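Hydrogens, waters and symmetry mates are skipped; everything else that's a heavy atom, side chains included, is used. Counting from 1, the numbers follow the sequence of the chain as shown. Please read all numbers here as calculations on a predicted model, not as lab measurements.
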Amino acid sequence: MQAWQVHENGEPGEVMRLEDVARPMPGDGQVLLKVRAANVNFPDVLMVRGHYQVRPPLPFTPGLEICGETEDGRRVIANPALPYGGFAEYAVADAAALLPAPDSLDDAEAAALHIGYQTGWFGLHRRARLEAGETLLVHAAAGGVGSAAVQLGKAAGARVIGVVGGADKAAVARELGCDLVIDRRSEDVIAAVKEATGGRGADVIYDPVGGEAYTQSAKAVAFEGRIVVVGFASGTIPSPSLNHALVKNYSVLGLHWGLYNTKNPKLVRHCHEQLTDLAARGAIKPLVSERVPLAEAAAAVQRVGDGTTTGRIAVLPTEGARA
């Protein structure tokens, strides 16, 4: 089969190589999956660079979420078991963690319903306890993680403010349903949030960016607001001033979604049921901005790393995938 291999860490466009390799052999409790679609996530970029908390042995195949097909023909959503990731024709995954792919979504959309939407659901509902009528601020609202949070916030009845970088991404955020879009390149984020909320600030802030975005969050959060920290796409990990949290009684909440797979897997399945229902009702629909063949996977991972994409890029190794 063909699979992208990383023999040394570096920039995806330079170190990922498409090679002919043997099909992976499932271990105990694992299944072999034919990859129908694999989504590109920012952690894929970090893993290729060697900057992710999980460091699979070299060589490895990146690709952290897929829509795959079992030997008996079932469409499933899975996180491949590294080092046999999803940017390949076949991958392996833990059988107990397979989730049914929603019939309402095609292969690329089904793969994209997993990490980003699970993270959004846990962040907004489990951690921040978002309520209808509250104001939700989403940084990087046009990206893969942010776009999921926007849709989930709207589905929960929140007023959603999206922060983006550039006019093209602003247009995408509006199409996603943001009630207000702030272009951080041309607008003062803090002033715009205060103006839009009558000086109160945002009740919940969803931050996958870190760096300057977190600094803005601390100044734009409302009294008793909640800042959900889900990642550091900016490359800068902020150091919060905890004394500042006392000024407005706000909370800083961390979220590492992957921990729920081991700490409370029943919640992951419950979340998937909620997401499947929302997708069936049309309340959420993953934004898949591009669908590319397997041969273009490295270039797609590089573009995500460069921050030039919106939504998700899906890699389709299988001819006849539902697109």
Side-chain angles (χ1 to χ4, degrees), residues 1-22 24-25 27 30 35 37-66 78-94 97 111-112 114-116 118-119 139-140 143-146 165 207-214 229-239 254-262 290 292 294-309 312-315 317:
M1 71 166 192
Q2 285 196 309
W4 284 92
Q5 295 271 281
V6 176
H7 292 268
E8 60 180 344
N9 296 122
E11 286 301 301
E14 298 174 2
V15 301
M16 289 177 61
R17 304 175 193 170
L18 186 59
E19 300 178 353
D20 289 316
V21 299
M25 295 293 293
Q30 294 182 330
V35 179
N39 270 302
V40 182
N41 287 272
F42 193 69
D44 290 313
V45 179
L46 295 178
M47 192 173 297
V48 173
R49 290 173 176 167
H51 297 163
Y52 198 54
Q53 56 259 41
V54 176
R55 295 196 176 194
L58 298 170
F60 71 90
T61 298
L64 294 175
E65 68 175 346
I66 67 171
N79 295 125
L82 299 175
Y84 306 112
F87 301 143
E89 292 179 299
Y90 288 87
V92 295
D94 294 333
H114 197 35
I115 295 175
Q118 287 260 346
T119 300
H139 288 286
V145 174
D207 182 11
V209 179
E212 179 63 22
Y214 179 84
V229 178
V230 297
F232 312 106
S234 67
T236 301
I237 300 176
S239 298
L255 173 62
H256 177 191
W257 167 75
L259 290 175
Y260 288 98
N261 285 304
T262 54
E290 296 180 64
V292 302
L294 184 61
E296 297 178 21
V301 177
Q302 186 65 60
R303 290 202 303 279
V304 170
D306 293 340
T308 61
T309 61
R312 292 290 190 206
I313 300 179
V315 178

Can any side-chain N or O of Asp44 pair as donor or acceptor with the backbone N or O of Pro62 at less than 3.5 Å?
-> no
Could you check if a side-chain atom of Trp257 sits within less than 4.5 angstrom of a side-chain atom of Ile115, using non-hydrogen atoms only?
-> yes
Mark yes or no for whether Asp207, through its side chain, and Val229, through its backbone, hold a donor-acceptor pair below 3.5 Å.
-> no
Determine yes or no for a side-chain-to-main-chain donor-acceptor pair under 3.5 angstrom, with Gln302 supplying the side chain and Ala299 the backbone.
-> no
Would you mind reporting whether Val35 and Glu89 have side-chain heavy atoms less than 4.5 Å apart?
-> no
Please list, chain by chain and in numerical order, all residues satisfying salt bridge (Lys or Arg N to Asp or Glu O under 4.0 Å) with Arg55, sequence neighbours excluded.
-> none
Would a 4.5 Å heavy-atom cut-off, applied to side chains only, mark Pro59 and Val6 as touching?
-> no
In sequence, state the C-alpha distance, the side-chain angles, and the governing distance for Tyr260 and Leu255, and then conclude on side-chain contact (heavy atoms from CB on, under 4.5 Å).
-> CA-CA 10 Å; Tyr260 288 98; Leu255 173 62; 3.8 Å; yes
Are Tyr214 and Thr236 close enough that some pair of their side-chain heavy atoms sits under 4.5 Å apart?
-> no
Start with the C-alpha gap between Ile313 and Asn39, add the side-chain angles, then the distance that decides, and say whether side-chain contact (heavy atoms from CB on, under 4.5 Å) holds.
-> CA-CA 6 Å; Ile313 300 179; Asn39 270 302; 6.0 Å; no
Does any non-hydrogen side-chain atom of Phe60 lie less than 4.5 Å from one of His7?
-> no
Do Gln2 and Glu19 have a side chain donor and acceptor closer than 3.5 Å?
-> no
Under the side-chain contact (heavy atoms from CB on, under 4.5 Å) criterion, do Phe42 and Val145 qualify, and how do the steps go?
-> CA-CA 9 Å; Phe42 193 69; Val145 174; over 6 Å; no
pair Val21-Met1: side-chain heavy atoms closer than 4.5 Å | yes
Is a salt bridge present between Glu290 and Arg303, judged by a nitrogen-to-oxygen distance below 4.0 Å?
-> yes
Answer yes or no: is there a donor N or O on one side and an acceptor on the other, between the side chain of Trp4 and the main chain of Leu294, under 3.5 Å?
-> yes
Check the surroundings of atom OH in Tyr84: do more than 12 heavy atoms from other residues, nucleotides or ligands lie under 6.0 Å from it?
-> no
Could you check Gln5 against Thr61 for side chain to side chain donor-acceptor pair (under 3.5 Å), going step by step and ending with a plain yes or no?
-> CA-CA 5 Å; Gln5 295 271 281; Thr61 298; 2.8 Å; yes
Compare all side-chain heavy atoms of Val304 with those of Asn41 and state whether any distance is below 4.5 angstrom.
-> no
Check whether any side-chain heavy atom of Met47 sits under 4.5 Å from a side-chain heavy atom of Leu82, and report yes or no.
-> yes
Evaluation steps, side-chain contact (heavy atoms from CB on, under 4.5 Å), between His114 and Asn79 | CA-CA 9 Å; His114 197 35; Asn79 295 125; 3.0 Å; yes
For Glu212, what residues pass the salt bridge (Lys or Arg N to Asp or Glu O under 4.0 Å) criterion, not counting sequence neighbours?
-> none
